[in-house]
Protein chains: 2
Amino acid sequence: MPAEDAAVAAGFERFYETLRRLTPRGPLSLTAASTLRRLERSGPHRLCELYAPEGISQPAMTQLVTRLEKEGLAERTSDPSDGRAVVVSITEAGREAVSHRRRVRAEALSELLQGLTPEQYEAVVAALPALERLSDLATEQAS
Amino acid sequence: MPAEDAAVAAGFERFYETLRRLTPRGPLSLTAASTLRRLERSGPHRLCELYAPEGISQPAMTQLVTRLEKEGLAERTSDPSDGRAVVVSITEAGREAVSHRRRVRAEALSELLQGLTPEQYEAVVAALPALERLSDLATEQAS
DNA sequence: CCAATTTATATCGCTGACTTATGTACGCAG
DNA sequence: CTGCGTACATAAGTCAGCGATATAAATTGG
């Protein structure tokens, strides 16, 4: 492991905690929010396609979908081509919940961003593609 | 809110999920790990100074400290100057647990970092001071 | 200096969100 | 239609958080 990676890891570690506290309490668990974002981003999915990337077990996803359905944020549809399958999709209320959460977070973050110097701000913007790339790499690795 | 902040927020949102999955399972909850890091970083604290910054209730912190104590990762000491207070400090085993967790995470991250181009890597390194600053700002804001 | 209040921590009962093990319904090959 | 694999649901247990409340020490007002 290159030495400089350790510095990056240390910085990320602390920054991760900062991000975590930026949306402290809410009716959605981390996994619930993440699942909703996935459904919003890449459309309806079968339940069996959801649990692995979210890093939880299949029963946990069943329960999560049940909760989301009870709260009106997602819905189950049966797949006509496969009677065993359940297709999960996000509802309008779900989209609103996601965008509300996103907005709250973005506003809190925006306030912090204003404390940066223009140079620091530019550095953050310049690093965004790299962060995006890291997320892509992590996703690939998982599959 | 400046328009570009939204892009930053979106990038951070996804990156946050990525970091979250970088240390998937472990015996320590997110809060437990975060609390241990705090104790390691800034020394012993009274229980009442711990729960607010960690974003949990006081009873939850009492329980968390109890668990950490049971696992030998932290210990309670009574404050001689205030009979009501309990001073929590990290043990040697606690330090090891923190550093182990940090190492695992750093290695996983390091693997991802190698997938970046040199330019992207430099962009990340260049952004570190800004991320650090953001964390500082968030800490100030909380107090 | 004693009663009332505030502060610091602990205990209780509850819920949410996971786990593993197991059950059920459907699809498909023989 | 038998039997097996797949997709999902259910059951039972655990863990980590919550609010309400209890206990005990410190502080404060008369």
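Remember, predicted model here, so these are calculated numbers, not experimental data. Here is the naming used below: chain letters follow the sequence lines, and residue numbers restart at 1 for every chain.
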- Toward the 5' end of DNA chain C, by each residue's nearest nucleotide, A:Arg67 or B:Val87: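 The 5'-side residue here is B:Val87.
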- Item | Along DNA chain C (nearest heavy atom to each residue), the more 5'-positioned of B:Gln63 and A:Ala60 |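 Mapping each residue to its closest nucleotide by heavy atoms, the 5'-most match is B:Gln63.
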Check the distance between [N]'s [atom2] and [X]'s [atom1] and give it to me in whole angstrom.
| X | N | atom1 | atom2 | answer |
| --- | --- | --- | --- | --- |
| B:Asp82 | C:dT6 | CG | P | 17 Å |
| A:Asp79 | C:dC26 | CG | P | 13 Å |
| B:Met61 | C:dT11 | CE | P | 16 Å |
| A:Ile56 | C:dC18 | CD1 | P | 5 Å |
| A:Arg46 | C:dC26 | CZ | P | 14 Å |
| B:Leu50 | C:dA10 | CG | P | 12 Å |

- Task: Taking only heavy atoms on the protein side, list every residue of residues 27-38 of chain A lying under 4.0 Å from any atom of DNA chain C, sorted numerically.
- Result: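 Close to the strand are A:Ser29, A:Thr31.
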- Item | Ring centres under 6.0 angstrom apart (A:Tyr16, B:Phe15) |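 No: the rings miss the under 6.0 Å criterion.
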Taking the side chain from [X] and the backbone from [Y], do they hold a donor-acceptor pair closer than 3.5 Å?
| X | Y | answer |
| --- | --- | --- |
| A:Thr66 | A:Thr62 | yes |
| A:Arg21 | A:Glu17 | yes |
| A:Ser135 | B:Thr18 | no |

- Query: Of all nucleotides in DNA chain D with an atom under 4.0 Å from a non-hydrogen atom of chain B, which is the first and which the last going 5' to 3'?
  - Reply: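 Footprint of chain B along DNA chain D, 5' to 3': D:dA16 to D:dA26.
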Of the non-hydrogen atoms in [X] and [Y], which two are nearest, and what is the gap between them?
| X | Y | result |
| --- | --- | --- |
| A:Leu128 | B:Gly11 | CD2-CA, 4.3 Å |
| A:Pro129 | A:Ala126 | CD-O, 3.3 Å |
| B:Ala33 | B:Arg101 | CB-NE, 3.4 Å |

- Query: Among A:Arg20, A:Arg37, A:Arg105, which residue meets the salt bridge (Lys or Arg N to Asp or Glu O under 4.0 Å) test with B:Glu13?
  - Reply: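 It is A:Arg37; the other options fail the test.
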- Item | hbond_proxy B:Arg84 side chain to C:dT9 base (donor-acceptor, 3.5 Å cutoff) |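 Donor-acceptor pair under 3.5 Å: no.
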- Message: With no hydrogens and no angle check, just 3.5 Å: does a side-chain donor-acceptor pair link B:His45 and B:Glu49?
- Response: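 Looking only at side-chain atoms, B:Glu49 and B:His45 do form a donor-acceptor pair, the distance falling under 3.5 Å.
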- Query: DNA chain D: B:Gln58 or B:Glu71, which has the more 5' nearest nucleotide?
  - Reply: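 Nearest-nucleotide comparison on DNA chain D picks B:Glu71.
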